[in-house]
Asker: 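Here you go, one structure.
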Amino acid sequence: QVHLVESGGGLVQAGGSLRLSCAASGLTFNSYAMAWFRQAPGKEREFVTAITFSGGSTRVAEPVKGRFIISRDNAKNTVALQMNSLKSEDTAVYYCAAATSIVKALSSRTVDYWGQGTQVTVSS
């Protein structure tokens, strides 16, 4: 059974930084592209960023470009999201996701597995 477990969420002031982590088990980690999505209250779940199997390439949504960085450690089966220069509009539940291709990792409709989510709240 596949498990994706996020950690690192919390409350941070605008302009601050936060690092999320996702630990994966039950899957061949280096065979999956990994991604982060987020969902704010009353809004649809949206793509944030994704990384290829090897970590050699990433995709980043425009609203977070230049501020958020995704990385992975295939030896530890983990993926991280470093969030810098946080804004109030970054407040959301952040979800870790796994997909069998980088293309599938770009859409919430095609992701294969989801984590349970972790709350990030940015106070202004």
Side-chain angles (χ1 to χ4, degrees):
Q1 191 171 3
V2 175
H3 291 284
L4 302 177
V5 180
E6 302 96 336
S7 60
L11 175 64
V12 62
Q13 287 189 335
S17 298
L18 208 57
R19 184 178 178 86
L20 305 182
S21 185
C22 172
S25 61
L27 76 172
T28 304
F29 187 69
N30 61 10
S31 295
Y32 284 82
M34 299 299 295
W36 290 93
F37 288 74
R38 66 186 182 186
Q39 188 166 18
K43 295 188 176 182
E44 291 189 355
R45 192 170 298 189
E46 65 173 0
F47 170 78
V48 176
T49 184
I51 191 167
T52 53
F53 309 137
S54 66
S57 180
T58 63
R59 307 288 188 272
V60 185
E62 200 60 40
V64 305
K65 196 165 286 185
R67 300 188 297 122
F68 289 14
I69 301 170
I70 188 172
S71 61
R72 67 188 294 162
D73 186 336
N74 284 348
K76 295 182 179 179
N77 287 9
T78 59
V79 60
L81 179 64
Q82 178 67 41
M83 304 185 292
N84 302 318
S85 302
L86 282 160
K87 306 175 182 179
S88 57
E89 50 262 45
D90 295 320
T91 294
V93 176
Y94 282 72
Y95 296 90
C96 176
T100 53
S101 72
I102 188 67
V103 172
K104 289 180 63 180
L106 303 181
S107 170
S108 61
R109 295 181 177 84
T110 52
V111 160
D112 292 287
Y113 301 107
W114 291 101
Q116 83 287 351
T118 186
Q119 177 69 47
V120 171
T121 303
V122 183
S123 64
S124 55

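Predicted, not measured: the structure shown is a model, and the values here were computed from it.
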Asker: Any non-hydrogen side-chain atom of V2 less than 4.5 Å from a side-chain atom of S25?
Answerer: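 Result no, sub-4.5 Å side-chain heavy-atom pair not found.
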Asker: My understanding is that only one of V93, T49, V64 makes a side-chain contact (heavy atoms from CB on, under 4.5 Å) with R38; could you say which?
Answerer: V64
Asker: Establish, yes or no, whether the cationic atom of R72 lies under 6.0 Å from the six-membered ring centre of F29 and within 45° of the ring axis.
Answerer: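 Yes.
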Asker: Closest approach of S71 and R19, non-hydrogen atoms and distance?
Answerer: OG-NH2, 4.0 Å
Asker: Report yes if the distance between the aromatic ring centroids of Y95 and F37 is under 6.0 Å, otherwise no.
Answerer: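 No; F37 has its ring centre 6.0 Å or more from that of Y95.
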Asker: Quick check: do L20 and T118 have side-chain heavy atoms less than 4.5 Å from each other?
Answerer: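 Yes - at least one pair of side-chain heavy atoms lies under 4.5 Å apart.
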Asker: State plainly whether one hydrophobic cluster holds both W36 and L27, where clusters connect Ile, Leu, Val, Met, Phe, Trp and Tyr through side-chain heavy atoms under 4.5 angstrom apart.
Answerer: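 Result: yes, single cluster for both.
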Asker: For N84 and S17, test the side chains for any donor-to-acceptor distance below 3.5 angstrom and give the result as yes or no.
Answerer: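 Yes - a donor-acceptor pair under 3.5 Å links their side chains.
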Asker: What is the minimum heavy-atom distance between K65 and V60, and which atoms define it?
Answerer: CE-O, 3.5 Å
Asker: Look up atom CG in N30 and atom CG in D73, then write down how far apart they are to the nearest 0.5 Å.
Answerer: 11.5 Å
Asker: Minimum heavy-atom separation for A99 to D112, with atom names?
Answerer: CA-OD2, 3.2 Å
Asker: How long is the span from the OG1 atom in T58 to the CD1 atom in I102, to the nearest 0.5 Å?
Answerer: 8.0 Å
Asker: Between the side chains of T91 and E89, does any donor sit under 3.5 Å from an acceptor?
Answerer: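 Side-chain D/A pair, T91 to E89: absent.
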Asker: So, E6 versus Q116: side-chain donor-acceptor pair below 3.5 Å or not?
Answerer: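 Indeed, the side chains of E6 and Q116 share at least one donor-acceptor pair under 3.5 Å.
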Asker: Checking the side chain of T78 only, and the main-chain atoms of C22 only, is there a donor and an acceptor separated by less than 3.5 Å?
Answerer: no
Asker: Taking N74 for its side chain and F53 for its backbone only, find out whether a donor-acceptor pair lies under 3.5 Å.
Answerer: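 Side chain of N74 to backbone of F53: a pair is present.
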Asker: Testing the basics here: between S123 and L11, what is the closest heavy-atom pair and its distance to 0.1 Å?
Answerer: CB-CD1, 4.3 Å
Asker: Can you classify the ring geometry of Y94 versus F68 as parallel (below 30°), tilted (30 to 60°) or perpendicular (above 60°)?
Answerer: tilted
Asker: Would you say the side chain of S108 lies within less than 4.5 Å of the side chain of F47, judging by non-hydrogen atoms?
Answerer: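 F47 vs S108: side chains apart.
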Asker: Do side-chain atoms of S101 reach the backbone of K104 as a donor and acceptor pair under 3.5 angstrom?
Answerer: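 Yes, because the side chain of S101 sits within donor-acceptor range (under 3.5 Å) of the backbone of K104.
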Asker: Going from CG on L81 to CD1 on I69, what distance comes out if it is rounded to the nearest 0.5 angstrom?
Answerer: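 Atom-to-atom, L81:CG and I69:CD1 are 9.0 Å apart.
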